[in-house]
Amino acid sequence: QVQLVESGGDSVQAGGSLRLSCAVTGNTYSKYCLGWFRQAPGKEREGVAAISRDGRTYADSVKGRFTISQDNAKNTLYLEMNNLKPEDTAMYYCAVAPVRWVTLRLHEYNSWGQGTQVTVSS
């Protein structure tokens, strides 16, 4: 039922910035957590950032560089990425978890977008 569509991925040089967007439709949960995850070739999918009514959380690898936010009026989730590094290169996915708390546990998320590619060159 819930559909998510990511956009904003691009190829940038190290030190650059990007803002990813995730358009969310059909989300009728009164309590939920929205998250960003990423997966690089040959690697497992990992949590990047999440936001709920309780707050926000970030992976240590992106803390201080990435900012997650949402615009409820536009039903859109964002991920502002600054000072990008080659190791940030991955397919980025947004997802929804029907929980009130902040979580980056993959199994708690039940709806996923198709992903948007971020490539950072040195």
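The basis for the numbers below is simple: all heavy atoms, side chains too, and nothing from hydrogens, waters or symmetry mates.
- Side chains of S17 and V12 form no contact here, defined as non-hydrogen atoms less than 4.5 Å apart.
- Looking only at distances, no side-chain donor or acceptor of E80 sits under 3.5 Å from a matching main-chain atom of F66.
- In the hydrophobic clustering of this structure, Y92 groups with I68; members are Ile, Leu, Val, Met, Phe, Trp, Tyr whose side-chain heavy atoms approach within less than 4.5 Å, directly or through other members.
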Problem - Test side chain to side chain contact (heavy atoms under 4.5 Å, CB included) applied to V96 and Q3, step by step - result: CA-CA 9 Å; V96 178; Q3 297 203 133; over 6 Å; no
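- For residues 39-76, no residue pair satisfies the disulfide bond (SG atoms under 2.5 Å apart) rule, not counting sequence neighbours.
- The number of heavy-atom neighbours closer than 6.0 Å to NZ of K43, taken from other residues, nucleotides and ligands shown, is 12 or below.
- Residues L79 and V48 approach most closely at CD2-CG1, 4.2 Å, considering heavy atoms.
- The two residues Y93 and E6 come nearest to each other via the heavy atoms CA-OE2, 3.2 Å.
- Remark: the backbone N or O of M91 is not paired with any side-chain donor or acceptor of Q39 at under 3.5 angstrom.
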Problem - Stepwise side chain to side chain donor-acceptor pair (under 3.5 Å) test for T76 and D71 - result: CA-CA 5 Å; T76 304; D71 186 331; over 6 Å; no
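- The distance from atom OG1 of T67 to atom CZ of R19, rounded to the nearest 0.5 Å, is 12.0 Å.
- Contact of the W36 side chain with the M81 side chain is not registered, since no non-hydrogen atoms from C-beta on lie closer than 4.5 Å.
- Connection of Y109 to Y78 is not established within any shared hydrophobic cluster, with ILVMFWY side chains joined at heavy-atom distances below 4.5 Å, either directly or through further cluster members.
- The nearest pair of heavy atoms linking F37 to G47 is CD2-CA, 3.3 Å.
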Exercise for the section: Go through V2 and T25 one step at a time and tell me if the side chain to side chain contact (heavy atoms under 4.5 Å, CB included) criterion holds. Expected result: CA-CA 6 Å; V2 179; T25 59; over 6 Å; no
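- Side chain of R65 to main chain of N83: a donor-acceptor pair is present (N/O by atom type, distance under 3.5 Å, no hydrogens or angles).
- Of all heavy-atom pairs spanning N27 and V24, the tightest one is CB-CG1, 3.9 Å.
- The distance from the OG atom of S52 to the NZ atom of K31 is 12.0 Å, given to the nearest 0.5 Å.
- Other residues, nucleotides and ligands contribute more than 12 heavy atoms inside 6.0 Å of the CD atom of E87.
- The closest side-chain heavy-atom distance from T89 to Q117 is below 4.5 Å.
- In terms of modelled atom types and a separation under 3.5 Å, the side chain of Q13 and the main chain of V120 share no donor-acceptor contact.
- Residues T103 and E108 have side chains that bring a donor and an acceptor to within less than 3.5 angstrom of each other.
- Hydrophobic cluster membership differs between W101 and Y29, with clusters built from Ile, Leu, Val, Met, Phe, Trp and Tyr side chains linked at under 4.5 angstrom.
- When every heavy atom of L104 is checked against every heavy atom of A59, the shortest pair comes out as CD1-N, 4.4 Å.
- Side-chain contact between Y32 and I51 is absent, with no heavy atoms from C-beta onward closer than 4.5 Å.
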Problem - Step-by-step side chain to side chain contact (heavy atoms under 4.5 Å, CB included) determination, S30 to R53 - result: CA-CA 10 Å; S30 58; R53 66 184 297 276; over 6 Å; no
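- Taken together through direct or relayed side-chain contacts under 4.5 Å among Ile, Leu, Val, Met, Phe, Trp and Tyr, L34 and L20 form part of one hydrophobic cluster.
- Listed by first and then second residue, the disulfide bond (SG atoms under 2.5 Å apart) pairs involving residues 26-122 are C22-C94 (not counting sequence neighbours).
- A cation-pi arrangement is found for R45 relative to W112, the charged atom lying closer than 6.0 Å to the ring centre and inside a 45° cone about the ring normal.
- Taking CG of L84 as the start and OG of S122 as the end, the distance is 13.0 Å to the nearest 0.5 Å.
- Under the 4.5 Å side-chain criterion, counting only non-hydrogen atoms from C-beta, N75 is not in contact with Q70.
- Across G55 and V102, no two heavy atoms sit closer than the pair O-CG2, 3.2 Å.
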Practice task
Might you work through the salt bridge (charged side-chain N to carboxylate O under 4.0 Å, His left out) test for D60 and K63, ending with a clear yes or no?
Solution key: CA-CA 5 Å; D60 289 340; K63 198 167 296 182; 3.4 Å; yes
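- Between the T116 side chain and the S7 main chain, no donor and acceptor come within less than 3.5 Å of each other.
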